[in-house]
There are 2 protein chains.
Amino acid sequence: MIRVLIADDQHLVRSALAALLNLEVDLEVVAQCADGDEVTAALALHKVDVALVDIQMPRLDGLSLAQQLSQTHPEVKVLVLTTFDRPGYFRQAFEAGASGFLVKDAPPEDLVSAIRKVYAGDKIIDPQRAMLSVETQRNPLTDREREILAHAASGAPVSRIAALVHLSVGTVRNHLSNAIGKTNTANRIEAARKAREQGWI
Amino acid sequence: MIRVLIADDQHLVRSALAALLNLEVDLEVVAQCADGDEVTAALALHKVDVALVDIQMPRLDGLSLAQQLSQTHPEVKVLVLTTFDRPGYFRQAFEAGASGFLVKDAPPEDLVSAIRKVYAGDKIIDPQRAMLSVETQRNPLTDREREILAHAASGAPVSRIAALVHLSVGTVRNHLSNAIGKTNTANRIEAARKAREQGWI
DNA sequence: ATCTGCCCATGACCGTTGTCATGGGTTCAG
DNA sequence: CTGAACCCATGACAACGGTCATGGGCAGAT
């Protein structure tokens with residue numbers, strides 16, 4: 001019997017996944033959590049073999065959670081679930097110590113077989129996505145550039161960004177200009193979009 | 001026995017919801033669809049009492065689908081599901097002829113009880129959300145403003161928008177300026193964000 | 001010790017964007 | 001018929017944004 005923990009911020013999805021998995025005779029959902037903090041609490045109470053964690057979660061997101069679990073509970077295999085298939089997520093998930101990666105658009109059979117494989121110690125690598133992942137180059141942005149670009153994403157004018165980051169407007173514009181160059185886009189907005197897609201911010 | 005149709009673009013969520021609903025003795029999931037077009041096809045094959053449709057779907061989205069169903073299949077009750085609780089969705093859903101509205105963060109009991117109520121002919125109105133809905137004012141944007149703002153959302157410069165819409169750059173700027181004024185924001189990007197949040201575009 | 005890369009800053013140039021005044025066109029309601 | 005509310009367009013001004021050259025400070029690497 002494989003003991004599964006489910007972490008997803010949407011109650012309905014969480015329960016529905018639990019219902020789906022409980023249909024399998026060799027799977028047992030032992031805990032359901034709405035965010036990363038609940039997961040750590042749940043791990044203290046239950047023995048868990050496989051943790052199914054959504055990337056998009058409030059407070060402690062799925063990737064940070066995966067990273068944390070790989071250190072505090074290395075015996076728990078982490079299977080990362082995501083709604084959006086951003087190219088960066090795949091790499092980030094494995095860097096964070098996850099054993100598998102699945103898109104929510106995958107057929108349910110893939111999910112259960114992934115859980116069994118991960119439990120057996122395998123890594124789930126979709127060859128097609130692995131290709132895509134090597135193509136995506138590493139984050140070329142510096143810390144400052146990422147920080148400033150993140151603020152720019154919401155449409156804030158340079159002056160406001162400068163105030164938020166405690167820098168001169170000129171410096172902010174330089175950082176943005178660099179980010180725009182590195183992403184080879186035309187303006188801060190497109191740069192922010194691209195950076196987000198690539199998982200750089 | 002209430003016959004339920006599920007429409008959600010994410011395979012896993014779709015199947016999981018079906019598993020959840022099939023646990024109820026008086027519910028039967030008769031069809032699962034990935035987009036609006038599959039729904040119309042499925043309705044030709046099965047008798048359906050309640051259609052559970054996600055707003056976010058490719059091709060034919062949930063709201064348009066609800067509108068279409070209310071005309072072609074008025075006997076089918078539509079229950080709209082959404083991941084994001086944008087203030088505009090609630091009103092739009094009922095304007096489109098939906099009988100109920102639920103956020104994916106709702107507990108599963110709410111979903112099954114909503115299905116039963118809707119089947120019985122009731123409308124599902126969360127009083128708290130209804131309040132919120134009257135607060136949200138109607139779309140103040142004109143057709144052109146919406147169209148142009150939608151293009152602006154992706155970060156395209158005015159020149160490109162003008163080309164896309166076959167207008168002069170000056171006119172585009174005027175429309176944008178109007179939209180910015182009506183949303184009382186500082187620039188096109190914030191205007192686009194706000195408009196999207198309010199369900200105006 | 002020097003080089004490289006990142007950080008911060010300034011000033012200048014020019015293109016883009018937001019605003020405003022103004023004008024002409026349409027359609028629809030009173 | 002006359003407003004009212006759209007639509008489209010122009011020209012002009014001020015503010016904002018993206019680029020570049022330049023320069024200084026501070027790390028870690030060779």
Side-chain angles (χ1 to χ4, degrees), chain A residues 88 91-92 95 136-201, chain B residues 88 91-92 95 136-201:
Chain A
R91 188 175 24 79
Q92 287 179 287
E95 281 176 3
T136 10
Q137 57 280 68
R138 261 215 102 53
N139 191 339
L141 302 176
T142 67
D143 289 356
R144 271 307 202 196
E145 287 160 1
R146 286 211 319 276
E147 183 185 11
I148 289 176
L149 201 51
H151 284 112
S154 56
V158 178
S159 55
R160 201 183 319 156
I161 301 177
L164 282 170
V165 195
H166 307 296
L167 285 179
S168 83
V169 288
T171 305
V172 170
R173 290 201 299 187
N174 284 337
H175 284 304
L176 281 174
S177 185
N178 288 334
I180 291 168
K182 288 179 181 175
T183 53
N184 63 90
T185 48
N187 56 46
R188 81 197 47 210
I189 303 301
E190 291 187 353
R193 286 170 58 87
K194 189 155 188 172
R196 214 186 276 284
E197 277 171 16
Q198 302 282 330
W200 292 343
I201 59 173
Chain B
R91 189 175 25 79
Q92 287 179 286
E95 281 175 3
T136 6
Q137 57 280 66
R138 263 214 102 48
N139 191 339
L141 302 177
T142 68
D143 288 357
R144 271 305 201 198
E145 287 160 2
R146 287 213 317 277
E147 184 185 9
I148 289 176
L149 201 51
H151 283 112
S154 56
V158 178
S159 55
R160 202 185 315 158
I161 302 178
L164 283 170
V165 195
H166 306 297
L167 285 179
S168 83
V169 288
T171 304
V172 171
R173 290 201 302 195
N174 285 336
H175 285 304
L176 282 174
S177 186
N178 287 334
I180 292 170
K182 287 179 180 175
T183 52
N184 64 89
T185 48
N187 57 46
R188 86 204 36 212
I189 303 301
E190 290 187 343
R193 284 171 61 86
K194 189 154 189 175
R196 215 187 275 283
E197 279 171 14
Q198 302 284 328
W200 293 343
I201 60 172

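Per chain, numbering begins at 1; letters A, B, ... match sequence-line order.
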Among the nucleotides [options], which one has an atom lying closest to any side-chain atom of [X]?
X	options	answer
A:P157	D:dA9, D:dC7, D:dG17	D:dG17
B:S168	D:dA9, C:dC7, D:dT19	D:dA9
B:R173	C:dG18, D:dT19, C:dC7	C:dG18

B:R160/A:E190 salt bridge by N-O under 4.0 Å criterion
yes
Below 4.0 angstrom, N of the basic side chain to O of the carboxylate: do A:R144 and A:E147 qualify?
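Yes, charged N to carboxylate O under 4.0 Å.
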May I ask you to evaluate whether A:T142 reaches the phosphate of C:dC6, defined as a side-chain N or O under 4.0 Å from OP1 or OP2?
no
With respect to the phosphate group of C:dC8, does any side-chain polar atom (N or O) of A:R144 fall under 4.0 Å of OP1 or OP2?
yes
Could you tell me how far apart [X] ([atom1]) and [N] ([atom2]) are, to the nearest whole angstrom?
X	N	atom1	atom2	value
B:L176	C:dT16	CG	C1'	12 Å
B:E145	C:dT19	CD	P	13 Å
A:I189	C:dT17	CD1	C1'	13 Å
A:N178	D:dC20	CG	P	10 Å
A:E190	D:dG17	CD	C1'	14 Å
B:D143	D:dC7	CG	C1'	10 Å

What are the two closest non-hydrogen atoms of B:A153 and A:I189, and how far apart are they?
O-CG2, 4.5 Å
Sugar-phosphate only, base, or nothing, as touched by A:T171 at under 4.0 Å among non-hydrogen atoms:
base
Can you find a donor-acceptor pair, distance only, under 3.5 Å between B:N174 side chain and C:dT17 base?
no
